[in-house]
Each structure stands twice: as C-alpha cells, then as structure tokens.
Trainee: 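Right, I'll just put the structure down here and ask away after.
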Amino acid sequence: MKLSSYFLPVLKETPSDAEIISHKYMLRSGMIKQSSSGIYSWLPLGLKVLKKIENIVREEQDIAGVNEILMPTIQPADLWKESERYEDYGKEMLRINDRQNREMLYGPTNEEQITDIFRSSIKSYKELPQLLYHIQWKFRDELRPRFGVMRGREFLMKDAYSFDIDSISSEESYNRFFICYLKTFERLGLKAIPMAADTGPIGGDLSHEFIIISQTGESDIYFDERILKEGDQINKIDYSEDLASHVNKFKSYYSASDDKFNREKFDEIVDRKYQMHSKGIEVGHIFNFGTKYSKIMKANVLDSDGVEKSVHMGSYGIGISRLVGAIIESSHDENGIIWPEVVAPFKIGLVNLKPKDEKVTKVANELYLLLNKNYEVLYDDKKDNPGVKFSRIDLIGIPHQIIIGSKASSENVVEYKNRKTSATELIKISNLSNFIDKLNT
RNA sequence: CGGGGCGUAGCGCAGUCUGGUAGCGCAUCUGGUUUGGGACCAGAGGGUCGCAAGUUCGAAUCUUGCCGCCCCGACCA
C-alpha cells in the first residue's frame, strides 16, 4: 500500500478526550474515530488490526472444533421475556421498537438466541455435544464508557456456546474452551492469566476470567506468580489429550480478581514470596451455567434412556475490539505503538526519505514492487520531511522499517530498523529480499 | 446514577471574572528555500464561539433551560 493513497489521518497532538495510552495512540495513529460516547468508527489501519485479531480468534475456535455461525445484532424481546432476563438486564440493554411497534433490542449477548437455534433442531443426545460461536457486534449501554475501545458501548465480541447432555460432559466442553483461550491469547502475544470469577448476571457456578497484567486495567488481581510459568507449553497441548489435567494445573494455583479475592485464603495457600498483586485487563470470560437457560426455554433432548433432559450449557466470550487496546497497552513505547508481528497492520514500513531524488525514488519504487509481492508493505512515498516520516512510521508501530536514503543510489544499501529494539543495520539492496525472508522465521 | 470539569477553525488552546462583534500554535492551500528525527520565509483560506430563549443600544462573555463530551466513584467482554 502506498501511503499517498492510504487513508491514514495521523494526529500530531493528542486529542484531549483520551486518557490512557492505547486510546491516545489509537486516535493519533488514525485507527479509530469516535462517533459518540463509547462508539467508534474503525479507520483502515485500525480495521486491519481488528480483522487480524478476529482471524486469529476464529482460527483457534475452528481448531478447537467449534462451528462458526452469525446471529443478528437485533433480537426480538420475546426471547428475553422467555428467559426472564428482559426485565433483569435493565438499562444496559438498548431497547428498540420497530415500525409495527414490536419490541426489539440490540443484543448485549446471545444466550437466548443460540438456545432458540439449538432447541429448534437438536433433539437427541446423539447429536451432542454442540459447540457454536459467532463474532458479532454487541451493544451494552454502559453507565460510563471509557478508555476508548477498551470499554466501549458498542464492541466486537467472539461468543461461543456449548450444549452437553450432562454436567460432566459440559465441564469437558468448558475445559476445551479454557485451553483454547490460553492458546489464543498466547498467539496474540499476550500472557493471559485464568482467574476464578464471579458469574454475574449470566449465572452458573463455574467461571474464569482471562486477564492480562496491565497498570491501566480495571480489575485488581491477586495470584501465585508461578502460574505464569505454567502457560509456557500451552501451544503444545493437543485437544485429544486429557484436557482436565492441564486445566487442573492452572486451577491449582491461587488466582482471583477483586470480587473473589480472599486475603486469608491467599496467605494460607500461597507463600509470601510468590504472592503477586496487580491491575489487569479482562480479555476473556468463560461460564458454565448448567441448565439455567435450557430449563426455562425448554431446550431439551432425549437421553439414551428415552427421558427428556435439559441440556447443560456454557458460554465463552472474548472481547475482540478490547484486545486491540489491550495489546497496545502491553506493547508500546514513548514513540508509539509496537505491534506484535501477528497482528501488525503491515509487516514492513518502507520509507523513501528522498522522494524528490529520482534515483533514490526509482530504487524505492522497485523495492516496493518486490517486497509487496510477498509481504504487507506500507510504502511511505509522501513528500514529507524525514522527521515527519520517522515519527509517523514509529507511531503506527509497523514492526520492520526499511529506510531508503541517499545511500540507496550511491552505495546500494538501505537501512533496516527494528521497531521494537530500535536496532538498525545497513543492508545491501541485492541482499534485502533474503534478509526480509529471514525475519519471517 | 452521585461528584467534578469541559464545549471557541481539522487538532491543541487563549479570550469569559470586568459585555463593544474573535485570536495563537499546529494542520491546510500558493510561491520559494530546505531534506536522516515532527524545517524556514512570504502570502492565503477556514469559526452562525454546542443549541435555544432571555437581559442589553450591543453577548463567546451575564441569566435560564436543553444537548454533547471527558474525568473520579458504584457496574461490565
């Protein structure tokens, strides 16, 4: 992509609305534009990152054997009246009347909808378990939206739902998602700690939050620091293994966010030298809530003994739009964002420092065509001063920078700069392709 | 929802106390000089001062009402 034809409205000054780093950098790098409180438009750079995260989450769901569907954003109130949550959910739920004055709502979550889909077609234990997910925009009319996309009213969420014949099988599904979540967050370059959590309005008795450590997080977290080590081998776990034993290892370490935290228990179980207390960002939450919805909504199947039973359900969320902010919170410096390679909007930032020098520009154009065949390249071909170019390419956080200056035509070398380490080296142009290929491994 | 703050050009702000018809920096446009870390000179364009009503000869400024946005707290992926 040539920068001269890319919509990238970067800001030199920080908009006064932003408080935390990720919000500031997302606005300054032209990723998002606020529409109203807690509601944002996603501009090209931001959308690219959002899609990358979405795709990684999707791939990991698919690997775990979950089926993707897509449910609507607008739901009929009737379903929620059936589950008796229509009144309970309160003002967080955006209620709408259509032209026939039917009561509708913009979905804050989809338990009712999925249960309705399930019950209309699955009738036998032989068809269980069923694991379904979708990635869709949600709306929760928060009392106070804040921190940009970290706590918006409209947000993109992956939510999955499991349906099992009994609580034992249901817990196996729960464990599957537990492992899946650890794998997903690891792929995103995040260290997510599973923590015992309250089940809140969704209900049930088994629940974990997945929280990444960050000073700007909204949750207070307490944990045994040895749990951090436990995640190291997570990518090696195969779903055919005994997942419960892996999950139990994590559960064996004390970890809790503020509402479940118990000081006495913490001191009793965890040696003082392993005790950790921090702030964290909740990026995922899983619930096992048994028959709470299936009973009231009559989602029943026939068991092998011919008796009709309510299915045991779980729901599993990942805040995809929130993850964009969360990743920035955990990966930035004073010059801007530092994207982990897997979610970076572009892999290579190709910067022509001498756009008015014909020879240098010729080299730059050729390198762009060459590299663009195999990599996502943002080519800064604009006629700005070098300083502007350097600060802009740093701000938007592209992991690898290729700086093309006068030496490109006089000595046939360009400069490589690693955004994360700031390390630079001169590369012969004839060798550049090779050099970049090696970065990829 | 309680407490606090803000709304003036695309962005960041001054001007409001003490009323006299709007200004600064950045950005944008034109010309020129620059070109390895947010350049310089000269010129130009851009604002019904959030909206409405009121007070006044006269309102960005005073009064009242409304709207929007942010921060702290209580609640949530």
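Predicted model only: the values in this text are computed from it and were never measured. We name chains A, B, ... by the order of the sequence lines, and we start the count at 1 in each one.
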Trainee: Rounding to an integer number of angstrom, what distance separates G12(B) and U8(B) when you compare their P atoms?
Mentor: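 Their P atoms lie roughly 8 Å apart.
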Trainee: Taking side-chain contact (heavy atoms from CB on, under 4.5 Å) as the definition, give me every residue that meets it alongside K382(A), ordered by chain and number, with sequence neighbours left out.
Mentor: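 L3(A), S4(A), D380(A), D384(A), R392(A).
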Trainee: Is it the case that the ring center of F155(A) lies less than 6.0 angstrom away from the ring center of W137(A)?
Mentor: no
Trainee: Looking at A9(B), which nucleotide sits across from it as a Watson-Crick or G-U wobble partner, both distances under 3.5 angstrom, or is there none?
Mentor: none
Trainee: Between G36(B) atom C1' and L426(A) atom CG, what is the distance in whole Å?
Mentor: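 L426(A) atom CG is separated from G36(B) atom C1' by 12 Å.
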Trainee: Any strand is fair game: report the nucleotide pairing with C66(B) by Watson-Crick or G-U wobble, both distances under 3.5 Å, or none.
Mentor: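 Answer to the pairing question: G50(B), which forms a Watson-Crick or G-U pair with C66(B).
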Trainee: F155(A) on top of A77(B)'s base, within under 5.5 Å and under 30°?
Mentor: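 According to the criterion (under 5.5 Å, under 30°), yes, F155(A) stacks.
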Trainee: Do the non-hydrogen side-chain atoms of P44(A) and L8(A) ever get within less than 4.5 Å of each other?
Mentor: no
Trainee: Taking the same atom, P, in G3(B) and in G45(B), what whole-Å distance lies between them?
Mentor: 48 Å
Trainee: Using atom C1' in both nucleotides, what's the gap between U48(B) and A22(B) to the nearest angstrom?
Mentor: 13 Å
Trainee: Hey, which sits more toward the 5' end of RNA chain B by its nearest nucleotide, E415(A) or M157(A)?
Mentor: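 Its nucleotide being nearer the 5' end, the pick is E415(A).
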Trainee: Mind checking G405(A) for me? I need base, sugar-phosphate or nothing, with any heavy atom below 4.0 Å counting as a touch.
Mentor: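 Base: the residue G405(A), judged by heavy atoms under 4.0 Å, touches a nucleobase.
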Trainee: Residues from residues 330-359 of chain A sitting under 4.0 Å of RNA chain B, heavy atoms only?
Mentor: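 Close to the strand are L353(A), K354(A), K356(A).
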Trainee: Between G68(B) and C51(B), how many Å separate the two C1' atoms, rounded to a whole number?
Mentor: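 The answer is 10 Å between these two C1' atoms.
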Trainee: Scan every strand shown for a Watson-Crick or G-U wobble partner of U30(B), both distances under 3.5 Å, and answer none if you come up empty.
Mentor: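 Pairing partner, where one exists within any strand: A42(B).
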Trainee: Could you tell me whether a side-chain N or O of Y316(A) sits under 3.5 Å from a main-chain N or O of Y133(A), the two making a donor and an acceptor?
Mentor: no
Trainee: Under 3.5 Å between N/O atoms: give me all the protein pairs with nucleotides 70-75 of chain B, atom names plus distance.
Mentor:
| unit_1 | atom_1 | unit_2 | atom_2 | d |
| --- | --- | --- | --- | --- |
| C70(B) | OP1 | Q34(A) | NE2 | 3.2 |
| C70(B) | OP2 | S37(A) | OG | 2.8 |
| C70(B) | O3' | D17(A) | O | 3.4 |
| C71(B) | OP2 | R144(A) | NH1 | 3.3 |
| C72(B) | OP2 | R144(A) | NH1 | 3.3 |
| C72(B) | OP2 | R144(A) | NH2 | 2.6 |
| C72(B) | N4 | R144(A) | NE | 3.3 |
| A74(B) | N6 | R146(A) | NH2 | 3.0 |
| C75(B) | O2 | R151(A) | NH2 | 3.0 |
| C75(B) | N3 | R151(A) | NH2 | 2.5 |
| C75(B) | N4 | R146(A) | NH2 | 3.4 |
| C75(B) | N4 | R151(A) | NH1 | 3.3 |

Trainee: Check whether the ring centres of F346(A) and Y6(A) lie less than 6.0 Å apart, and answer yes or no.
Mentor: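 Distance test on ring centres: under 6.0 Å, yes.
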Trainee: Y416(A) has an atom OH; how far is it from atom C1' of G36(B), in whole Å?
Mentor: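 It is 18 Å, rounded to the nearest whole Å.
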Trainee: Roughly how many Å is it from CG in D394(A) to P in G38(B), rounded to a whole number?
Mentor: 12 Å
Trainee: Whole-Å distance between C1(B) P and K91(A) NZ?
Mentor: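 Those two atoms, NZ and P, are 5 Å apart.
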Trainee: Name the nucleic acid region contacted by K417(A), choosing base, sugar-phosphate or nothing; use a 4.0 angstrom heavy-atom cut-off, strictly under.
Mentor: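 Base, at least one base atom sits under 4.0 Å.
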Trainee: I'd like to know if D384(A) reaches the base of G38(B) with its side chain such that a donor and an acceptor end up less than 3.5 angstrom apart.
Mentor: no
Trainee: Using modelled atom types and a 3.5 Å cut-off, is there a donor and acceptor pairing between side-chain atoms of N418(A) and backbone atoms of K420(A)?
Mentor: yes
Trainee: If pairing requires Watson-Crick or G-U wobble contacts with both distances under 3.5 Å, which nucleotide is the partner of U61(B)?
Mentor: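 The answer is none; no pair meets the criterion.
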Trainee: Which part of the nucleic acid, if any, lies within contact of G90(A), taking any heavy atom under 4.0 Å across all strands shown: a base, the sugar-phosphate backbone alone, or nothing?
Mentor: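 Result for G90(A) = nothing.
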Trainee: From the options C26(B), G36(B), G12(B), select the nucleotide whose nearest atom is closest to the side chain of I403(A).
Mentor: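 Taking heavy atoms from C-beta onward, the closest nucleotide is G36(B).
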Trainee: Can you tell me the distance, in whole Å, between the CD1 atom of I32(A) and the C1' atom of C11(B)?
Mentor: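 Computing the I32(A):CD1 to C11(B):C1' distance gives 15 Å.
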Trainee: Applying the Watson-Crick and G-U wobble criteria at under 3.5 Å, what pairs with G36(B)? Answer none if nothing qualifies.
Mentor: none
Trainee: When you compare G2(B) with C57(B), how far apart are their C1' atoms, in angstrom units rounded to a whole number?
Mentor: 45 Å
Trainee: Expressed in whole Å, how much space separates the P atoms belonging to C62(B) and C24(B)?
Mentor: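 Each nucleotide's P atom is 23 Å from the other's.
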Trainee: Taking the P atom in each of G54(B) and G10(B), what is the distance between them to the nearest angstrom?
Mentor: 29 Å
Trainee: Pairs of donor and acceptor atoms involving the side chains of residues 404-412 of chain A, under 3.5 Å and at least two apart or interchain, shall be tabulated with distances.
Mentor:
| unit_1 | atom_1 | unit_2 | atom_2 | d |
| --- | --- | --- | --- | --- |
| S409(A) | OG | S406(A) | O | 3.3 |
| S410(A) | OG | S406(A) | O | 3.2 |

Trainee: What pairs with H312(A) under ring-ring contact (aromatic ring centres under 6.0 Å, His included), at least two apart in sequence or on another chain?
Mentor: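 Listed in chain order: nothing, the list is empty.
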Trainee: Check for me whether R95(A) meets the cation-pi criterion with Y86(A), that is, NZ or CZ under 6.0 Å from the six-membered ring centre and within 45 degrees of the ring axis.
Mentor: yes
Trainee: Can you name the side-chain contact (heavy atoms from CB on, under 4.5 Å) partners of S35(A), sequence neighbours left out?
Mentor: I39(A)
Trainee: Output, in order, the C-alpha distance, side-chain angles, deciding distance and verdict of side-chain contact (heavy atoms from CB on, under 4.5 Å) for I20(A) and R146(A).
Mentor: CA-CA 10 Å; I20(A) 63 169; R146(A) 61 183 111 173; over 6 Å; no
Trainee: What is the separation between atom CZ on R28(A) and atom P on A27(B), rounded to the nearest whole Å?
Mentor: 13 Å
Trainee: For a quick check of understanding: with a heavy-atom distance under 4.0 Å over all strands, which category does T14(A) fall into, base, sugar-phosphate or nothing?
Mentor: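 Answer is sugar-phosphate: T14(A) comes under 4.0 Å of backbone atoms only.
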Trainee: Determine the interatomic distance between P on G36(B) and the same-named atom on G25(B); round to the nearest Å.
Mentor: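 Between the two P atoms, the distance is 26 Å.
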Trainee: Taking the six-membered ring for Trp and the single ring otherwise, decide whether the centroids of F287(A) and Y174(A) are under 6.0 Å apart.
Mentor: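 Not under 6.0 Å, so no.
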Trainee: Any strand is fair game: report the nucleotide pairing with U56(B) by Watson-Crick or G-U wobble, both distances under 3.5 Å, or none.
Mentor: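 Because no pair has both required distances under 3.5 Å, U56(B) counts as unpaired.
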Trainee: Between C1' on A77(B) and CH2 on W137(A), what's the gap in Å once rounded to a whole number?
Mentor: 13 Å
Trainee: Over how many whole Å does the gap from L11(A) atom CG to C11(B) atom C1' extend?
Mentor: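 Interatomic distance, CG of L11(A) to C1' of C11(B): 6 Å.
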Trainee: Counting only Watson-Crick pairs (N1-N3 plus N6-O4 or O6-N4) and G-U wobbles (N1-O2, O6-N3), all under 3.5 Å, who is the partner of G2(B)?
Mentor: C72(B)
